[in-house]
Each structure stands twice: as C-alpha cells, then as structure tokens.
Amino acid sequence: MVHKIVYNRFRVFVESFLLACVILLVGFSLGFFVENYRTSKVIADYRANEIESLDLKLQNYYYQIMDQSSCDSAIEQNFVFADKIYLEGLNIEKFEEMNQISEDIKIEKKKYVLLKTELWLNTLLLKEKCNADFDIAVYFYSSDPSDTVKVAEQKILSNVLKEIKEERGNKLVLIPLAGDLDLQIVDLQMKNYKITELPSILINEKNILIGFNSKENIEKYLSSSK
Amino acid sequence: MDWLIWVYLLVFFFGFFFMFIFLILHYRYKSFLHYVPPLSKEKPLISFLVPAYNEEKTIKKTVTSLIALDYPMNKKEIIIINDGSKDGTLKIARALEKKYSCIKVLDKPNSGKADSLNEAIKMIHGKFMAVVDADSYPKSDALINMLGHFGDTTVGAVTSRVLVKNKKNWLEKFQIMDYSIIAWTRKLLDFVDSVYVTNGPFSLYRTSVVRKIGGFDTKNLTEDIEITWHILSAGYTTRMSYDAIVYTSVPSRLKEWIKQRVRWNLGGLQTIIKYRKDFFKKGVFGYFILPYVSSAFFFAIIGFFLFLRYLWLKGSYQLVSLFYLFRGYNYFKYFEFDFFLSLLLLFGVIFFFISLWYYKIGFKHSETGNQNILKILCYSFIYRPLYVIPLLLAIYKMIRGDIRWYTK
C-alpha cells in the first residue's frame with residue numbers, strides 16, 4: 001500500500017511548520033534590516049542638519065551683534081536650509097508609513113519637527129533683524145493616518161503649498177509642522193497663535209487659514225510679488 | 001509594533017504553512033496520485049443509494065450510468081429514494097424499476113436527503129453502499145477504482161474525484177478550475193489520512209461502519225461532511241481515489257452558486273461546532289483536520305476584514321482626492337505610487353509567487369491540465385474572492401439561527 005511505503009508521512013506537518021517559520025524569520029530579518037537602514041539614514045541626515053541649524057543660529061547672532069548691515073547671505077542660507085529640511089520631512093513621512101517593525105523613525109520625526117520649529121523661530125528673528133520682506137507660512141498638519149479623509153485633504157493642500165513655494169522661491173519660507181506629536185514647543189506655539197484645528201496654515205504670524213484652502217485664497221494673504 | 005501587523009503576520013504564517021503542506025505532499029507523493037489498490041477476487045454486493053427530489057431531468061441518466069458501471073449486474077442493488085418529489089421523478093423511477101431487476105424505489109414523503117438515506121440504509125443488503133446524487137454521473141471505472149481501498153480494514157469510506165459536467169458560461173468555467181483544485185488538494189490530503197469530505201456526487205461507504213455510527217445526521221446541512229467527520233471521529237480512515245471520476249452539474253448562475261455555497265459553509269460550521277470537543281484529540285482528525293478546516297474559515301473572515309479595511313482606507317482617500325479633482329486640482333499630479341520595500345509587501349510578494357506555483361502544479365495534475373498565468377490570476381482574483389459572499393451570509397444566518405429554509 002502506498003500509505004505504508006514512506007516512513008512517518010506525518011512529518012510533513014513539522015517540515016511545513018519549520019519552512020513557514022524560516023520564511024517568516026528571513027522576511028522579518030530582511031524587513032528589520034531595511035527599516036534599520038532607513039532609520040540610520042534619517043539619523044545621519046539629521047546629524048548633518050543639526051550642525052547646519054546650529055550654524056544658522058550662530059550666524060543670526062553674528063548679524064545681530066557684529067554685522068547688522070549685511071543680511072543677504074544669512075537669508076540665502078536660511079532658504080537653502082529650509083528647502084532641504086522640507087524635503088527631509090517628506091522623506092520621513094514616507095518612511096514612517098513603510099516602517100512596520102520598529103518605532104525609531106517616530107522619534108526621528110519628532111526630532112525633525114523640533115528642528116523645523118527651531119528654523120521657524122530663527123527665520124522670525126532673521127526677518128525682524130534684517131527687515132526682510134519674505135513671507136513665512138507655517139503649515140500645521142495632522143499625522144494621524146487613520147483619518148483618510150483628512151489625509152487626502154492634507155495631501156492636496158500640501159501639494160498646493162508646494163506649488164506656491166516653487167513659484168515664489170526665496171519669497172516664501174514654508175515650514176510644515178506635525179501638530180499632534182505632543183511636543184511642548186509646538187503646542188505652545190499653536191496655543192500662542194490660537195490654532196485649534198488641523199490642518200491650519202499660519203501666514204506671517206497674523207492670518208490663520210483653517211482646513212483646505214484654494215491656491216488663490218492662500219495667495220491672497222501672501223505678499224503680492226512672486 | 002502595531003497589533004494589526006501581528007494579525008497580518010499570523011495570516012501569512014498560516015498561509016505559508018498550509019501552502020507548504022500541499023507542496024511538500026505533492027512533490028513527495030506525486031507518483032502515487034493515480035495509485036489504485038488491487039481488487040480482491042471477491043465481488044461484494046454494492047448498494048447504490050440515489051436520493052432524489054425533483055430530479056426528473058437527470059435521474060434517468062444517473063441511474064443509467066450506475067447500470068453501466070464496470071461491475072457485475074447481480075452484485076448491484078440500486079435504491080432510488082423519491083423524497084416527495086413534485087415533478088415526474090417517481091414516474092421515471094418506477095419505469096426504471098420495471099426495466100431493471102436490481103432497482104428498487106423507495107417512495108416517501110419529503111424529509112430531506114439525510115433522512116432519505118437513513119431510511120434506505122434500513123433496507124439495503126450490500127457490504128458497501130454508494131451514495132450518488134441524482135444529478136451526477138460516475139464514469140464506468142469509478143467504482144472499481146475505489147473499491148480496492150477497502151482492502152485496508154480501517155477504511156470506512158472512499159470518495160471520488162468530482163468534475164464539472166456543464167462547461168458553458170464563465171461561472172461554470174471557473175468551477176471547472178475550482179473543482180480541479182479541490183480534487184487535487186483532497187487527494188494530497190489522502191496521503192496524510194485527512195480526506196475530510198466524502199462528496200455527495202459519488203462516495204462509497206462500508207455499510208457496517210455507517211450503521212455503527214447511526215447513519216447520517218438529519219440536522220446537518222452537509223450530511224456528506226458530517227458523516228466523514230463522524231467516521232474519522234470513530235477511528236476509521238477515509239480515502240480518495242483520484243481515478244474514480246464522477247461528473248456533476250454545477251450552478252450556472254451566481255445566485256444558485258451562492259445558495260449552494262451558503263449551504264456548504266453553514267454545514268461546515270455546524271460540523272465544526274458539533275465536533276469541537278475533538279480538537280487536539282484523536283490523532284490526525286483532532287490535530288490537523290479540525291484545526292485546518294476551522295482556521296480556513298477563520299482566516300477567510302480575517303482576510304476579508306483586512307481587505308475591507310484596506311479598501312476603505314484607500315477608497316476613501318481616492319474618493320476625496322477625486323472630489324478635489326472635480327474642483328480643478330489635477331488628480332494625477334497628486335497621485336503617487338510609492339513602491340518602498342516594506343515587511344508586509346515582502347510577505348505579500350512571496351505569498352503571491354508561492355500561490356502561483358501551487359496553482360500551476362495543481363492545475364497541471366488535474367483535469368484542466370496546464371493553465372496560463374492569466375487564467376490563474378483571473379481565478380485567484382476574480383473567482384476566489386467570491387468565496388467570501390456565501391461565507392458571510394452563512395455566518396449571518398448562523399448568528400440569526402436562520403437555517404430552516406435550507407432543510408427540505
């Protein structure tokens with residue numbers, strides 16, 4: 001009889017179980033490796049940005065104390081840094097969505113939000129001291145992925161802002177900040193500017209645009225020159 | 001790590017586990033797929049039980065195919081059970097009874113298939129009994145390809161390979177593929193004593209075993225699953241003969257298909273509940289069959305809800321985006337497809353390719369023969385997801401206790 005031929009045919013269950021374990025372990029290890037790689041890249045970028053941020057801060061002091069007449073270089077560098085940090089922020093958002101094993105990326109995201117807040121404060125100082133005429137738009141958004149309606153709305157809004165930023169170049173500093181990460185300095189600023197809803201756009205510390213706003217509407221609150 | 005990721009991983013793990021069981025069994029035993037045990041010289045009397053309810057269109061052909069089976073006529077006893085038919089079934093049955101001396105007609109008021117079979121069991125004389133659906137047609141060598149398995153005295157039942165008779169529309173064509181895969185996996189499970197259904201179209205039972213366990217369960221909607229589990233639970237084994245072929249008519253319309261599958265699902269759930277005490281007892285029955293069938297139900301539901309959640313998340317996102325498109329915000333500009341490597345994507349891709357491999361060899365060794373990737377993809381992504389409709393309906397009916405309308 002066929003069923004008597006092979007010794008212990010029930011070993012197939014153990015073999016299949018072990019094979020499934022191997023696939024899961026290999027996949028898990030590979031996933032862990034990829035996620036770690038992404039996180040370590042973010043950490044490395046953050047370190048470089050941290051130095052740049054400190055450099056900018058010191059330049060601010062320098063212009064305030066030593067050389068108040070020449071602001072152009074500081075403004076230029078501020079813009080370069082703001083653009084760079086903006087792109088890093090977008091990358092982190094993507095990585096956060098894809099990382100499923102470790103929570104490290106979330107910590108890095110918080111650090112970036114703090115860095116961007118620092119940039120904002122720095123930009124405010126620079127604008128005041130140099131009497132510059134660029135606009136500052138701070139985009140407070142929600143990072144909760146479960147509210148898909150809001151996610152879609154924010155996706156369109158962030159693209160609208162991106163378009164405005166691309167058109168205006170060095171006439172606009174755009175700082176997106178996740179407003180729901182329990183970071184005290186962000187909460188403090190939101191309270192200060194009476195921002196209670198996400199998403200909201202704070203333009204030049206005066207106007208608050210709540211929810212989705214058309215490109216035309218946002219532009220109304222910005223300086224007319226592009 | 002999010003709890004949902006654990007759920008996904010659990011589904012993947014069991015998916016891989018079951019898939020590997022079939023793949024290993026196939027590669028280890030593929031040369032035995034068509035193995036037919038030798039027949040003994042003795043030709044025992046076989047009783048054929050043909051329960052019929054409004055089967056005037058098919059009953060004659062079914063009975064004729066039984067007459068035509070390669071087996072001595074004087075060793076056949078055919079009982080047509082007219083289960084209170086309202087059409088001309090009884091008239092045809094009586095005519096057949098007149099024509100062939102081995103045919104007897106049992107005419108009774110309608111009481112359902114299981115009860116009809118139980119009534120017939122009281123009057124049969126065969127050492128083995130075959131249950132034959134009145135719309136199914138066994139090939140002439142089906143019986144002799146099954147009978148040899150009873151040489152092993154622990155075997156309580158042997159089932160056949162069901163193939164689709166009607167092959168016209170898309171649903172019927174999908175069912176050809178479906179029945180092929182079902183038969184192939186069932187045969188593979190035979191190698192680990194785990195044939196958990198002896199199908200309704202044509203299955204052979206040791207009469208003494210059926211009598212010993214008290215016949216068919218009249219309260220169960222799928223008496224063929226229930227009796228198999230009863231036989232296994234009583235310590236007997238069940239077998240499948242891959243070369244014993246029976247053709248059956250399958251539903252041609254989706255509504256009929258859903259109704260049939262709701263009944264299968266309800267019966268399956270009823271059977272699991274009935275035998276729940278045997279979990280992790282009684283050898284392969286409690287350690288594999290019960291957990292395997294139950295988890296198939298469980299993971300189908302979990303998988304469906306995970307899919308529904310995904311659909312809701314993506315769907316609502318795209319709908320909102322579409323709304324902005326109509327307001328003049330260029331949708332395609334904002335539509336981005338990120339193809340980052342993630343853990344679940346990785347498992348999804350591995351699972352997809354293993355499934356393709358599984359279906360590819362499954363079809364190759366079944367009635368359909370080699371199938372191209374496109375057909376397999378259509379089967380996997382169009383037909384198989386339909387499974388969830390009758391499953392959910394069955395659960396809904398089970399919860400509401402609404403199963404009466406299925407019993408005749």
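Residue numbering restarts at 1 for every chain, and letters A, B, ... go by the order of the sequence lines. Computed from a predicted model, the values in this text were never measured in an experiment. Side-chain atoms are counted along with the backbone in the values below, which use heavy atoms only and exclude waters and symmetry mates.
- Taking OG from A:S16 and CZ from B:F18, the interatomic distance works out to 10.0 Å, rounded to the nearest 0.5 Å.
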Could you go through the side chain to side chain contact (heavy atoms under 4.5 Å, CB included) check for B:F17 and A:L19 one step at a time?
CA-CA 7 Å; B:F17 175 54; A:L19 258 175; over 6 Å; no

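- The local environment of CD in A:E166 is crowded, with over 12 non-hydrogen atoms from other residues, nucleotides or ligands closer than 6.0 Å.
- Considering CD1 of A:I23 and CD1 of B:I354, their distance stands at 4.5 Å, rounded to 0.5 Å.
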Test side chain to side chain contact (heavy atoms under 4.5 Å, CB included) applied to A:F10 and B:V284, step by step
CA-CA 9 Å; A:F10 296 109; B:V284 74; 3.9 Å; yes

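- Applying the 6.0 Å contact sphere to CG of A:D182 captures no more than 12 heavy atoms from other residues, nucleotides or ligands.
- Distance check: A:F13 CZ to B:L25 CG gives 7.0 Å after rounding to the nearest 0.5 Å.
- Ranked by non-hydrogen atom pairs under 4.5 Å with chain A, the options B:F12, B:F14, B:F20 are led by B:F20.
- Contacts between A:S158 and chain B at a heavy-atom distance below 4.5 Å are absent for every atom of the residue.
- Dense packing is recorded around OH of B:Y27, with more than 12 heavy atoms of other residues, nucleotides or ligands lying under 6.0 Å away.
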Derivation of the side chain to side chain contact (heavy atoms under 4.5 Å, CB included) call for A:F17 and B:F13
CA-CA 9 Å; A:F17 184 84; B:F13 178 80; 3.5 Å; yes

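- The contact between B:F288 and chain A is made entirely by side chain atoms (from C-beta outward), counting heavy-atom distances below 4.5 Å.
- At a 4.5 Å heavy-atom cutoff, the contact between B:I350 and chain A is made by side-chain atoms alone.
- B:L9 and A:F28 make their closest contact through CD1-CE1, 3.6 Å (heavy atoms, listed as atom of the first residue, atom of the second, distance).
- Enclosure of atom CZ in B:F307 is not indicated, since only 12 or fewer non-hydrogen atoms of other residues, nucleotides or ligands lie within 6.0 angstrom.
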